[in-house]
Amino acid sequence: MKILCQRNPLWAEKKLGASSLSIGDYGCTSSMLAEINNRFGANATPADVAAHKEWYTSAGLILWPKLDLKFAIFEDMGRVYGFNEARVLEALNDPNNKAVGLEVNIPKAGKHWLKGEAVGNNNVIYARDPWDGSIVDVVHKYGKITGSAHFRKR
């Protein structure tokens, strides 16, 4: 499996859509989306995702309903209904058919997205952090999960 770090020099300076924001500084969501697509068979990088200008606002935010990943179908945003741990656990326990992005809030920095990876003992949720590519215990590192984005295999 390819591990994607948003700060990889191969794509860190690339822009998010038509915005002035770089993947290296603000590309956590693009990195998470590439990893989700790759989980189901793609060979994508954050730069491949960021090249789709139609998927981004001019401010570099993802237009979720516009996403058209080759191997993954975006279903919905869990945060619309509040964080639903049971639904996230269901997705993580079905890695062949489902994938989930996890949203956290970093004080003074804002929203940050990670790719859900696994469930450990006592329902500890592990995710790949696109900042450095590491696997983290999300709640231990970031305090709490504030939202989710749900995908299924195309």
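FYI, the numbering just counts along the sequence from 1.
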Output the distance between atom [atom1] ([X]) and atom [atom2] ([Y]), rounded to the nearest 0.5 Å.
X	Y	atom1	atom2	result
Glu13	Asn8	CD	CG	11.5 Å
Ile3	Asn38	CD1	CG	11.5 Å
Glu85	Ser148	CD	OG	11.0 Å

Assess whether atom NZ of Lys141 is packed by more than 12 heavy atoms of other residues, nucleotides or ligands within 6.0 Å.
yes

Got more than 12 heavy atoms from elsewhere within 6.0 Å of NZ, Lys15?
yes

Do Arg87 and Asp76 meet the salt-bridge criterion of a basic N to acidic O distance under 4.0 Å?
yes

Give the minimum heavy-atom separation between [X] and [Y], together with the two atoms involved.
X	Y	value
Ser31	Pro130	CB-CB, 3.5 Å
Ser58	Ser19	O-CB, 3.3 Å
Ala127	Val138	CB-CG2, 3.5 Å
Ser134	Val136	OG-CG1, 3.5 Å
Ala50	Ile23	CB-CD1, 3.8 Å
Arg7	Gly24	CG-O, 3.6 Å

Side-chain heavy-atom pair Lys14, Ser22 within 4.5 angstrom cut-off
no

Would a 4.5 Å heavy-atom cut-off, applied to side chains only, mark Val139 and Ile125 as touching?
no

same_hphob_cluster([X], [Y]) at 4.5 Å side-chain heavy-atom cutoff:
X	Y	answer
Leu21	Trp55	yes
Trp131	Ile62	no
Leu69	Trp64	yes
Leu61	Tyr26	no
Leu63	Ile73	no

Side-chain donor-acceptor contact under 3.5 Å, [X] with [Y]:
X	Y	answer
Asp129	Tyr142	yes
Ser30	Tyr56	yes
Asp68	His52	no
Thr146	Glu103	yes

Does Val100 form a side chain to side chain contact (heavy atoms under 4.5 Å, CB included) with Leu92? I'd like the steps, not just the answer.
CA-CA 7 Å; Val100 63; Leu92 292 174; 3.7 Å; yes

Salt bridge (charged side-chain N to carboxylate O under 4.0 Å, His left out) evaluation trace for Arg152 with Glu75
CA-CA 7 Å; Arg152 64 180 164 82; Glu75 291 183 321; 3.2 Å; yes

Would you check, one step at a time, whether the test side chain to side chain contact (heavy atoms under 4.5 Å, CB included) holds for Glu90 with Lys98?
CA-CA 9 Å; Glu90 176 189 336; Lys98 296 183 180 185; 2.5 Å; yes

Go through the steps to decide whether Val88 and Ile145 satisfy the test side chain to side chain contact (heavy atoms under 4.5 Å, CB included), and finish with yes or no.
CA-CA 10 Å; Val88 168; Ile145 299 169; 5.6 Å; no

Report yes or no: does [X] contribute a side-chain atom to a donor-acceptor pair with the main-chain N or O of [Y] at less than 3.5 Å?
X	Y	value
Asn37	Leu33	no
Asn122	Val124	no
Arg128	Glu117	no
Trp11	Cys5	yes
Asn97	Asp94	no

Member of Ile36, Ile135, Leu102 meeting the side-chain contact (heavy atoms from CB on, under 4.5 Å) criterion with Lys115
Ile36

Checking ring pair (Phe, Tyr, Trp, His ring centres under 6.0 Å) against Phe151, which of Phe71, Phe74, Phe40 comes through?
Phe74

Dump the intermediate steps for side chain to side chain contact (heavy atoms under 4.5 Å, CB included) on His112 and Leu114, then the final yes or no.
CA-CA 7 Å; His112 182 57; Leu114 305 96; 4.0 Å; yes

